[in-house]
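Naming: A, B, ... by sequence-line order, numbering from 1 per chain.
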Amino acid sequence: MSKTFYETAAIDYANAAPHIGHVYEKIICDFLARFHRLDGYETNFVTGTDEHGEKIARAAKNAGQKPQAFVDYVSEKLFQPAYQRLLISYDDYIRTSSERHKRFVQEILRKVYEAGDIYYAEYEGLYSVGSERYVTEKELVGGILPGDSEPPVLRKEANYFFRMEKYRPWLVDYLHEHPDLIQPQAYRNEVLEMLKEPIGDLSISRPRERVPWGIPIPWDENHVTYVWFDALLAYVSSLASRGLFEKFWPYAWHVIGKDILKPHAIFWPIMLKSAGLPIYRRLVVHGHILAMDGRKMGKSLGNAVDPLALADKFGVDAVHYALLRDTTLGADSPFGEEVVAQRLNADLANDLGNLVSRVRTMLLKYCGGVLPEPSSPDSEMARAGVALAEKVRKEVDALRIHLALEEVLQYVRSLNRFINETKPWELARDESRKKELEDALYTVVEGLRIASVLLEPALPTKAKELRAALGLGDYTLAQTETWGLAPAGTRIPQEAPILFPKLEARPEPAPQAERPAADGLITIEDFARVDFRVAEVIKAEKHPKADKLLVLTLDVGDHTRQVVSGIAQYYTPESLVGKKLVLVANLKPAMLRGVESQGMILAGEDAQGRIVVVSPEKDMPPGTKIR
RNA sequence: GGCUAUGUAGCUCAGCCGGUUAGAGCACACGACUCAUAAUCGUGGUGUCGGCGGUUCGAGUCCGCCCAUAGCCA
C-alpha cells in the first residue's frame, strides 16, 4: 500500500463569515492530515471557497460590491485568516473564481460534452433563488420552500443538462463493489435508498444574462456553469493546477457535512466517471454541531458559539481537542464553552499538563535536570506505550477519533498512577535506591514522549511545547513504537510555562434563584422571572395524536408562537380563534406528543376538572406585558 | 405515509460473530499521598441496557410490533 494521502474539506460557500460548523469540519480534516503526515504518508490537504452562483451575486449586490470584490473579501479577510488563526494545516486553498480553477472546469466540461453526456433542453418550473434550484410543488409548504425566505418564482429557460440518470445503474453497482466508499455506513444506506428512484438529469448551466457570475460554458458564451458542477471540480483543479493530479488523486478522501451528501455521493462520482477520471476513495460524512441544549445553532437563535472567541479564550489546542474528543463523527453533537472548559481542565490540565509539571520538578530536584540512563528497558509502562500507536491507528482508521484520543488519555492516566505507586519522592530519600528512582522518572518521560506524539494531531502547538518542556524534539508515529528513544543525558529546561492553564467556562453564569423559602413564598424577583403576555389566538386545531390537546397559533405582537394546550375537552378550536389569552412567554419549549409547544396558556381547573382559560378583562393588544 | 440511523448510569460515550456479577471518562462523596496546575491515586451508586412480545439452555447483543429523536424520500 502506497503511503500517499489526499484529503479535502468541503469548500465553503463564500456568502458569509465562517461559523463553528465550518471550523468543526476543518479541524477533523486537520487531525486526519496531521495524523497521516506523522504516520509517514505523503499528504496533501485542500480546502477553499466556492465563490460563484446567484446567491453570491445577490449578497454582493446587497453589500454594494462587485461579485469579485465581495468574494475576495470573504475569502481573504474572513475564511483564510480564521483558518490560519486556528492552525488548519491545509496545503492549498482553492478558490473557484481563480483562473486555474476556471480553466480546469472548462476543460472537464468539454470532455463531458464530447463524451455526449451533455444536452440542451428547455425547462419550465418553479425556481427557488434561496436554494438555487428548481423545486416541485410537493416540496412547498404554504407556497414556500422550507428554509427559504421568499416563495419560488416561475421560470422558463433553456439549459444544458448532464445525463446523470444514465449512470445510475453504474453507480449502484459501484457502491456495492466498494462498500467502504461512504462512511459512516448509515449514509451509504441513505444514498442507496436515493438511488432506488430515478435521479433525473442535472441542470448544469444558467443563462448568462440572468446570472452573469459564473464560469462560461466553453462552447456557448450565453451560459455559465451551475454551481455544483463548478464547485465539486475544485477538489481536482487544486491538484491539477499544481501538477499533482497523478500523484494524489487516486488516494482522495472527501470530508463533508451530512447536508451535502447528495451532490458528493451521487453527482460527483458520476461526473468523474463521465469525465474519465478515477472515483475518490472515501467519502467521510460528519454531523452537525448543536447548541449545548441540543437544539440547532443559529445566529437568529442567539446560541451560536464563535470559534475564534473560543480560541482566544481557551487556546487553539483546546478547541481542536474538545471538538475532536466530544463529538462522534457522523452524529450531531452538542458543543459549547462548557465542553471546551471541561476538557481543557480535566484532560489537558489535570491529567496531561500536571503530569509534565510533576515529572519536570522531580527531574530538576532529584536528577540535576538531566534525563537519566534507564537500566531496565522492559516494563509494563513500556509495553503499553509501544503498543499504543497501533490502537490509535485502528480507531482513527475507523474514524472514531474521540476513542483514539481517549485511548491515549488512558495511558496518560496510567502514567500518573505509575508515579503514585513508585513514589519517587520516597526513593529519593534513600541513596541505595537511586537506580529505581532514575528508572521511574525515565519511564514517565518516555511515556510522555509517546503520548505527546500520538496527541499531536489534536494538539497542533502544545504537543511540541510539551516535549520541549522535557528537552525533547519531534518524532514520527513509528518512533512511538520503540521504547527508549528519549536520549539519556538530555537537559531538562529550568523554566517552562504552564502548558494548560485552567479556565472557568463562564465568568457570569447568572446565579439561579435560590430554592423557594420553607414557607412556600416566592420573592418578587422569582415572580419577575416569568414573562406573561397577552396573546391572540389566530389559529387553533386539534392535535393530530392526542384527544385532549389543541395546537394554538398565537399572535404575541411582534411574532407568532405555537403552543400546545390541554383544553380540547372544553374548547373547540373555532371558539378560541380571535380570543385574547395569557401566555407564559419564556417557558422552556417542550415537545408534546410530537408537536413543539413554545410556552403555555394560563387556565384554571375546578373541582369537577372543568378547565377555563384566563383572558384579559378588557381588550389589550397582543404582546402586552402582564405583571 | 415509506425508508434509514440512533435510544445503555446525572452528562458524553464503549460494549466484536448472543454466554459468566453490564463497562469507561466526566461530575459527586469519602479516603490516601505530597513530586505536581487545590493537581494525582484509591474506594463508592441506583442503571426497568426506550417499551411490549418472541426465538434460545441463555439476549443490551437476534426477530416482530410500538414509542421517542435525527434525517432521507415521497
Query raised in the report: A:Ile498 has a side chain; which of B:rU4, B:rU40, B:rU37 sits nearest to it?
Result: B:rU37
**Report entry** Shortest side-chain distance from A:Lys365, nucleotide among B:rA36, B:rU37, B:rU40
**Finding:** B:rA36
Query raised in the report: Take atom CD in A:Glu177; do more than 12 heavy atoms of anything else shown fall under 6.0 Å from it?
Result: yes
Report task. Taking atom P in both B:rU61 and B:rU6, compute the distance separating them and give it to the nearest angstrom. Result -> 13 Å
**Report entry** Donor-acceptor side-chain pairing of A:His288 and A:Asp259 below 3.5 angstrom
**Finding:** yes
Query - Integer-rounded Å distance: B:rA36 P and A:Leu466 CG - result: 18 Å
Requested in this report: Using a cut-off of strictly less than 4.0 Å between a heavy atom of the residue and any atom of RNA chain B, enumerate the qualifying residues of residues 322-334 of chain A by number.
Outcome: A:Asp326, A:Thr328, A:Asp332
Requested in this report: Say whether A:His286 and A:Tyr187, considering side chains only, have a donor N or O and an acceptor N or O under 3.5 Å apart.
Outcome: no
Query - For A:Tyr24, all residues meeting side-chain hydrogen bond (donor to acceptor under 3.5 Å, both in side chains), sequence neighbours excluded - result: A:Thr327
Report task. Calculate the interatomic distance between A:Arg400 atom CZ and B:rU12 atom C1'; express it in whole Å. Result -> 16 Å
**Report entry** Separation of atom CG in A:Asn345 from atom P in B:rG25, rounded to whole Å
**Finding:** 18 Å
**Report entry** Listed partners of A:Lys262 passing side-chain hydrogen bond (donor to acceptor under 3.5 Å, both in side chains), at least two apart
**Finding:** none
Query raised in the report: Any chance NZ of A:Lys258 has more than 12 other-residue heavy atoms, nucleotides or ligands included, within less than 6.0 Å?
Result: yes
**Report entry** Within residues 444-463 of chain A, residues whose heavy atoms come under 4.0 Å of RNA chain B
**Finding:** none
Query - Any pair counted as side chain to side chain donor-acceptor pair (under 3.5 Å), so long as it reaches residues 346-356 of chain A, sequence neighbours left out - result: A:Tyr321-A:Asp347, A:Arg343-A:Asp347, A:Asn350-A:Lys502, A:Asp351-A:Arg413
Report task. Give one of base, sugar-phosphate or nothing for A:Arg360, where a contact means two heavy atoms less than 4.0 Å apart. Result -> nothing
Query raised in the report: Counting side-chain heavy atoms from CB outward, which of B:rG71, B:rC73, B:rU37 is closest to A:Lys258?
Result: B:rG71
Requested in this report: When you get a sec, tell me which of B:rC3, B:rG25, B:rU4 is the closest nucleotide to the side chain of A:Glu193?
Outcome: B:rC3
Report summary line: Annotated structure of RNA chain B as dot-bracket, pair cut-off 3.5 Å, Watson-Crick or G-U only, | for inter-strand, is (((((((..((((.....[...)))).(((((.......))))).....(((((..]....)))))))))))).
Query - Listed nucleotide nearest any side-chain atom of A:Glu190, set B:rU40, B:rA5, B:rG71 - result: B:rG71
Query raised in the report: Counting side-chain heavy atoms from CB outward, which of B:rC72, B:rA36, B:rG25 is closest to A:Arg413?
Result: B:rG25
Report task. When you get a sec, tell me which of B:rG25, B:rC35, B:rC73 is the closest nucleotide to the side chain of A:Lys262? Result -> B:rC73
**Report entry** Integer-rounded Å distance: B:rU6 P and A:Leu290 CG
**Finding:** 18 Å
Query - For A:Glu25, all residues meeting salt bridge (charged side-chain N to carboxylate O under 4.0 Å, His left out), sequence neighbours excluded - result: none
Query raised in the report: Given atom CZ of A:Phe314 and atom P of B:rU37, what is their separation to the nearest angstrom?
Result: 22 Å
Query raised in the report: Would you call A:Arg325 and A:Glu406 a salt bridge, taking side-chain N to carboxylate O under 4.0 Å as the test?
Result: yes
Query raised in the report: Whole-Å distance between B:rU40 P and A:Leu352 CG?
Result: 12 Å
**Report entry** Nearest-angstrom distance from the residue atom CD1 of A:Ile199 to C1' of B:rC72
**Finding:** 15 Å
Report summary line: Those residues at least two apart in sequence (or on a different chain) that pass ring pair (Phe, Tyr, Trp, His ring centres under 6.0 Å) with A:Trp253 are A:Phe5, A:His36
Query - A:Glu395: partners by salt bridge (charged side-chain N to carboxylate O under 4.0 Å, His left out), with sequence neighbours left out - result: A:Arg400
Query raised in the report: Which residues in residues 385-398 of chain A have at least one heavy atom lying under 4.0 Å from any atom of RNA chain B?
Result: none
Query raised in the report: Rounding to the closest angstrom, what is the interatomic distance between B:rC72 and B:rC13 at atom C1'?
Result: 26 Å
Report task. Give, ordered by number, those residues of residues 401-411 of chain A having at least one heavy-atom distance below 4.0 Å to an atom of RNA chain B; if nothing qualifies, reply none. Result -> A:His402, A:Leu403, A:Glu406, A:Gln410
Query raised in the report: Rounding to the closest angstrom, what is the interatomic distance between B:rG54 and B:rG58 at atom P?
Result: 12 Å
Query raised in the report: Which of residues 417-428 of chain A sit near RNA chain B, with a heavy atom under 4.0 Å from it?
Result: A:Arg417, A:Asn420, A:Trp425
Query raised in the report: Taking everything shown except A:Lys394 itself, do over 12 heavy atoms lie less than 6.0 Å from its NZ?
Result: no
Requested in this report: Grab the CG-P distance between A:Leu364 and B:rA36 for me, whole Å please.
Outcome: 11 Å
Report summary line: Of the candidates B:rA39, B:rC35, B:rA5, the side chain of A:Asn354 sits closest to B:rA39
